[in-house]
Amino acid sequence: TSVTKKIARWVCCLAVGFLAVIGATTLYSRVSSVVSNKIVAKKAFKTSFNNIKENPEDVDTWYKLALFYEYGYGTKEDDVSAFECYLNSVNNSEGKEFTDNISQAYYDLGLCYMTGKGTKTDFNKAYQTFEKLVSLEVYHSEAWFNLGICNIAKKVPKEEYEKIYRTLEKEYGSSLESIVKEIPYFVYFENPSLLKDFVSEQDYEQSREYFWR
């Protein structure tokens, strides 16, 4: 019995030690991966930053920098810098071959104008950006969808948004806060009478066309 207990203790010790080694190895691997990813990210950001100095008209590099800034990859998150990079990518794309990066730069720039991320909310500029995008890429469904929202939103005075929000908040609760920038689209489906003084039936018909597209 004494021998059996000793063997059992040794087996338990070996098992615990084995698990400890595995745990330590896994933790080390994860920490190393995080550190390695941060180093790679910083190098990638620095490379893109230096490349844009040498070639300030490089559309793809401007787009990459925008992503670095927006998601904090290799640098601090900076919505203003991300917006400026998206804008530079779009502005330098004139006359160049249309690519996926240019398409995405247009779309993300439109979202910035639409939601006020990194710049002031401007539904007119958002509308113009999405309109240009669908002229270049007619099958971009998300751009058509947002074009329909902006077509209505640009007709509503800014001071009316708070009034409309309060009205909808009473009916639908605070969860609406997450889509406050899309009030015109929400109202379009739920309560178009709130916009009757600003949006004509012709505007709605145009947005229906955009949504359909």
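These figures come from a predicted structure and were not determined experimentally. Along the sequence shown, residues carry numbers from 1. Side chains included, hydrogens not; waters and symmetry mates left out as well; all remaining heavy atoms used.
- Of the inter-residue distances, the one linking Lys132 atom NZ with Leu109 atom CG reads 13.0 Å to the nearest 0.5 angstrom.
- For the 3.5 Å distance criterion, the side chains of Ser200 and Asp203 qualify, holding a donor opposite an acceptor.
- Under the 4.5 Å side-chain criterion, counting only non-hydrogen atoms from C-beta, Phe45 is in contact with Leu65.
- Distance check, rounded to the nearest 0.5 Å: NZ of Lys64 to OG of Ser89 gives 11.0 Å.
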Go through Asn92 and Asp58 one step at a time and tell me if the side chain to side chain contact (heavy atoms under 4.5 Å, CB included) criterion holds. CA-CA 7 Å; Asn92 284 289; Asp58 189 331; over 6 Å; no
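- Taking NZ of Lys76 as the reference point, atom OH of Tyr69 lies at 12.0 Å (rounded to 0.5 Å).
- Between the side chains of Asn51 and Thr61, no donor-acceptor pair is found at a separation under 3.5 Å.
- The shortest side-chain heavy-atom distance between Ile164 and Leu195 falls under the 4.5 Å cut-off.
- Checked against the 6.0 Å centroid criterion, the rings of Phe83 and Tyr113 qualify as a close aromatic pair.
- Taking the centre of each ring, Tyr106 and Tyr86 stay at or above the 6.0 Å mark.
- Between the side chain of Ser207 and the backbone N or O of Tyr204, no donor-acceptor pair lies under 3.5 Å.
- Sparse packing is recorded around CD of Gln202, with 12 or fewer heavy atoms of other residues, nucleotides or ligands lying under 6.0 Å away.
- Figure legend: cation-pi geometry between Lys154 and Tyr127, with NZ or CZ positioned under 6.0 Å from the six-membered ring centre and within 45° of its axis.
- Under the 4.5 Å side-chain heavy-atom criterion for ILVMFWY residues, a single connected hydrophobic cluster contains both Ile102 and Tyr139.
- At a threshold of 4.5 Å between non-hydrogen side-chain atoms, the residues Tyr107 and Thr129 do not count as touching.
- Rounding to the nearest 0.5 angstrom, the gap separating the OH atom in Tyr63 from the CG atom in Asn88 is 15.0 Å.
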Test log, rule side chain to side chain contact (heavy atoms under 4.5 Å, CB included), inputs Leu87 and Thr119: CA-CA 11 Å; Leu87 184 60; Thr119 187; over 6 Å; no
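- Closest of all the heavy-atom pairs between Ala143 and Val134 is CB-CG1, 3.7 Å.
- Here the side chains of Leu133 and Ser103 are in contact, with some heavy-atom distance below 4.5 Å.
- Residues Glu57 and Val59 are not in side-chain contact: their nearest non-hydrogen atoms beyond the backbone lie 4.5 Å or more apart.
- Minimum heavy-atom separation, Trp62 to Cys85: O-CB, 3.4 Å.
- Checking side-chain atoms of Asn151 against main-chain N and O of Leu147 turns up no donor-acceptor pair under 3.5 Å.
- In this structure, Glu97 places its CD atom where only 12 or fewer heavy-atom neighbours from other residues, nucleotides or ligands lie under 6.0 Å away.
- Heavy-atom contacts from other residues, nucleotides or ligands closer than 6.0 Å to NZ of Lys96 number more than 12.
- Atom CD in Gln206 sits 6.5 Å away from atom CD in Glu209 (nearest 0.5 Å).
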Verify side chain to side chain contact (heavy atoms under 4.5 Å, CB included) between Ile152 and Tyr210, making sure each step is shown before the conclusion. CA-CA 11 Å; Ile152 294 175; Tyr210 290 145; over 6 Å; no
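- The shortest side-chain heavy-atom distance between Thr121 and Phe123 falls under the 4.5 Å cut-off.
- Inter-residue side-chain proximity for Lys117 and Leu111 is flagged as unmet; no heavy-atom pair is nearer than 4.5 Å.
- Taking all atoms of both residues into account, the shortest heavy-atom contact from Phe68 to Ala44 is CE1-O, 3.7 Å.
- Hydrophobic clustering (side-chain heavy atoms under 4.5 Å, transitive across Ile, Leu, Val, Met, Phe, Trp, Tyr) keeps Trp212 apart from Trp144.
- Of all non-hydrogen atoms in Val138 and Arg213, the two that sit nearest each other are CG2-NH2, 3.4 Å.
- In this structure, Glu201 pairs ionically with Arg208, as a charged nitrogen and a carboxylate oxygen lie closer than 4.0 Å.
- In the displayed structure, Asp197 atom CG is contacted under 6.0 Å by more than 12 heavy atoms of other residues, nucleotides or ligands.
- Counted by atom type alone, Gln104 and Asp108 present one or more donor-acceptor pairs between their side chains at under 3.5 Å.
- Residues Glu142 and His140 form a side-chain contact, since some pair of their non-hydrogen atoms from C-beta on lies under 4.5 Å apart.
- When the side chains of ILVMFWY residues are joined at heavy-atom separations under 4.5 Å, either directly or via intervening members, Met114 and Val80 end up in two distinct hydrophobic clusters.
- Between Phe211 and Phe145, the ring-plane angle classifies as tilted under the 30° and 60° cut-offs.
- Residue-environment remark: CZ (Phe98) exceeds the threshold of 12 foreign heavy atoms within 6.0 Å.
- Annotation: Lys125, atom NZ; neighbour count of heavy atoms from other residues, nucleotides and ligands within 6.0 Å does not exceed 12.
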